[in-house]
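To keep things clear, I will list the structure first and then write my remarks on it.
Note on naming: letters A, B, ... go to the chains in the order of the sequence lines (proteins, then strands), and numbering restarts at 1 for each one.
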2 protein chains.
Amino acid sequence: MSESAIRPRKEFGKTIAADITHRLREEIIACGLAPGEPLRFDVLRERFGASFTTLREALTALAAEGLVDAQEQRGFRVAPVSRQDLVEVTDARVLIEVELIRRSIERGDDDWEIAVISTLHRLKRIEHRDPEHPLRDPEWKIAHRQFHQALVSACGSATLLAIRAELFDRAERYRHLSANFRPRPRDKAGEHQAIMQAAISRNADLAVQLIETHIRSTSDNVATYAGHLLDAE
Amino acid sequence: MSESAIRPRKEFGKTIAADITHRLREEIIACGLAPGEPLRFDVLRERFGASFTTLREALTALAAEGLVDAQEQRGFRVAPVSRQDLVEVTDARVLIEVELIRRSIERGDDDWEIAVISTLHRLKRIEHRDPEHPLRDPEWKIAHRQFHQALVSACGSATLLAIRAELFDRAERYRHLSANFRPRPRDKAGEHQAIMQAAISRNADLAVQLIETHIRSTSDNVATYAGHLLDAE
DNA sequence: AACGGTATGATTTTCGAAAATACGGTTTTG
DNA sequence: CAAAACCGTATTTTCGAAAATCATACCGTT
C-alpha cells in the first residue's frame, strides 16, 4: 500500500506543524541553517511550503528546545553558538547521561541488553560499509543516536530521557559544525565497543568513566576544530 | 502616562502569544485548570480573548515545557498527573538542584550572597505578615520561587537553570494539588533559614543535604495528602 | 440484538489577508 | 553639525474563515 503518492509531504507525524518542526530541527542540527541565521517567514514559507501560522508554531516549539532563538516582535533566528554554550551543553550532558547510565545498568533487563548490543551491531556494520566521515551519512547518524539512546533507555525516567534528548540534539549540532574542518574521525568505533561491554557486564563505574570521556573528548574536538566559528559570533 | 486603558490585556511580554503562554502557565500550575482537563479552543478563546492561532502557539510552547499534553489531531489537554510523574520530577529536581547548589556555593560572589539573604528576608516578612496557608498568597509564591532561584543563580549555566526552572514549575503544580488537603504547612521557614545559612557559610555538603531533604519531604507530603488524586487518573 | 459502515455534527488544523510593529533613510530642528 | 522626529517599506504578529479530521449517532443488514 504505497501512500507516498497520495500525501505529498508530511513524512513525520500527522499534522503539518509536527512535520515542519521535525524537518526544521533536522536542518538546524545538520547546520543546513547556519547558527545565528535569521529565519524570515517569506523564506521559510517558500522552503517548507507552509503558512505563517504553521511555521510560527514549529518555531515556537524549537525555541523551547533551545535550537531556535525567539526575539519578541523581531522574529526568530537559528540559536547562535558559542564556546560558553558548548561548555554548558557538554557539562549538562555529562551530569545527566552519567546518572542515566548508572540507573540503566542497575535496572536494565534482557531486552535492554539486546537493544544495546543490536544497535551497536548496526552502527558497526554501517561504519564498516563506509568508513569515511560518518556524519555525512544519515543512516550512521540515526544508528549512532539509537545506540546512545539504547544505553540509557532502561533508566526509568521519561522526564530525564526527554531532557537528555534535547541536550543530545544541541550537542550534535556542534559536531556538525566542526565536521567540515576535522581531519579524521578518531577511533569512535572502539570507544562505542568498550562502552557497550562495560554496560553489559554491569561495570557501572567503568561505563560512566568511558561515557564521560567520550562526551568530553567529542566536545574538545569541536572546540579545537571549529574554534574560529565559535568566537566569530 | 497611563497606557492601561489603551492596551486591554497583555501584562507580560510584548506579544499576545507570550502573554497568553504566561497566563496559561500560571493557571495550570495553580490547578485553576485541572490535570487532564481538555483544552478546547472555543473555551480558551472566550477565556483568554485570543484567536485560534495565538492560543495554539501558547499551547505548543507549554507542551514543550511538559505542562500541556498535545495529542495530534485531537487537541490539547492539561498534562495529567501521576505518582510516577511526581517521582520522576522530584528525582530530576534533586539531581540537578543539588549540583547547581554546589556550583553556586563554589562560585557565588558578594552579589549572590546578597541576593540569597534579601530574597529570604522578603519571604520571611511575607510569612510573618500572614502566617496561614502560603500557597494561596501570590506574593508568597513569587518570593518563595525567587529565594530558591537565588540560591542556584550563581551556578554559571543558563542551560541547567532553564531545565531547573521547568522542573520547579512542574513540582509547584503538585504542591498546589495537595494544598487543599494538607492539614498544616510544616516548618518551611526554619528549613529555608537553615539552607540559607549553610549556603552563605559555604558549607556545600550541608546545604546539599538540606535541599535534598527539603525537596523530598515536600514531594512526600504531596504523595500523602493528594494520593487519591494521583491514582484516580 | 449485534455488527459494520456511513452520514452528521463538533473540533482541530491550516491558510492568506489584515493589522501592528520594527527598521532604515531622510528631513527637520536646535 | 548632531540629534531627534518623521515617513515609507519590510517583517512580524494576529485574526477569523475555510478545510481537514475526529467522534458519535443512525441505519440497514445479518
**Request:** Could you tell me the separation between the CZ atom of A:Arg56 and the C1' atom of C:dT13, rounded to a whole number of Å?
**Result:** 17 Å
**Message:** Using five pairs at each end of the helix from C:dA1-D:dT30 to C:dG30-D:dC1 to define an axis, what is the angle between those two axes, to 10°?
**Reply:** 20°
**Prompt:** Between A:Arg23 and A:Asp19, is there a salt bridge with N-O shorter than 4.0 Å?
**Reply:** yes
**Item:** Residues in salt bridge (Lys or Arg N to Asp or Glu O under 4.0 Å) contact with B:Arg173, at least two apart in sequence or another chain
**Value:** none
**Asked** Does B:Glu57 use its side chain to pair, donor to acceptor, with the backbone of A:Arg56 at less than 3.5 Å?
**Response** no
**Message:** Let's see if you get this right: which residues in residues 37-44 of chain B place a heavy atom under 4.0 Å from DNA chain D?
**Reply:** none
**Asked** Starting at CD of A:Glu72 and ending at C1' of D:dT13, how long is that distance when rounded to a whole Å?
**Response** 11 Å
**Request:** Provide, to the nearest angstrom, the distance between the CG atom belonging to A:Leu55 and the C1' atom belonging to D:dT11.
**Result:** 14 Å
**Prompt:** D:dT13 P sits how many Å from B:Lys14 NZ, rounded?
**Reply:** 11 Å
**Message:** A side-chain contact here means heavy atoms from C-beta on lying under 4.5 Å apart; do A:Val68 and A:Val78 qualify?
**Reply:** no
**Prompt:** According to a strict under-4.0 Å criterion, is B:Arg74 in side-chain N/O contact with OP1 or OP2 of C:dT12?
**Reply:** no
**Request:** Take A:Arg74 and A:Asp69 through the salt bridge (Lys or Arg N to Asp or Glu O under 4.0 Å) test and state the conclusion after the steps.
**Result:** CA-CA 11 Å; A:Arg74 294 203 279 151; A:Asp69 192 20; over 6 Å; no
**Message:** Considering only residues two or more places apart or on different chains, which pairs with a residue in residues 27-52 of chain B satisfy salt bridge (Lys or Arg N to Asp or Glu O under 4.0 Å)?
**Reply:** B:Glu27-B:Arg47
**Item:** B:Arg175 charged N/C atom sitting above B:Tyr225 aromatic ring, 6.0 Å / 45°
**Value:** no
**Request:** Sequence neighbours left out, what passes side-chain hydrogen bond (donor to acceptor under 3.5 Å, both in side chains) with A:Asp85? Give chain and number order.
**Result:** A:Arg170, A:Tyr174
Give every pair of a protein N or O atom and an N or O atom of nucleotides 15-19 of chain D that lie under 3.5 Å apart, one pair per line with the distance.
residue: D:dC15; atom: OP2; partner: B:Ser51; partner atom: N; Å: 3.2
residue: D:dC15; atom: OP2; partner: B:Ser51; partner atom: OG; Å: 3.4
residue: D:dC15; atom: OP2; partner: B:Thr54; partner atom: OG1; Å: 3.2
residue: D:dC15; atom: N4; partner: A:Thr53; partner atom: OG1; Å: 3.3
residue: D:dC15; atom: N4; partner: B:Thr53; partner atom: OG1; Å: 3.2
residue: D:dG16; atom: O6; partner: B:Thr53; partner atom: OG1; Å: 2.7

**Item:** Integer-rounded Å distance: C:dT12 C1' and B:Arg77 CZ
**Value:** 16 Å
**Asked** Taking A:Ser178 for the side chain and A:Ala226 for the main chain, is one N or O donor matched with an acceptor at less than 3.5 Å?
**Response** no
**Asked** Is it true that B:Arg145 and B:Asp169 make a salt bridge, defined as a side-chain N closer than 4.0 Å to a carboxylate O?
**Response** yes
**Complete:** In terms of heavy-atom contacts, A:Leu160 and A:Ser157 come closest through N-OG, 3.1 Å
**Request:** In whole angstrom, give the distance that lies between atom CZ of B:Phe76 and atom P of D:dC22.
**Result:** 15 Å
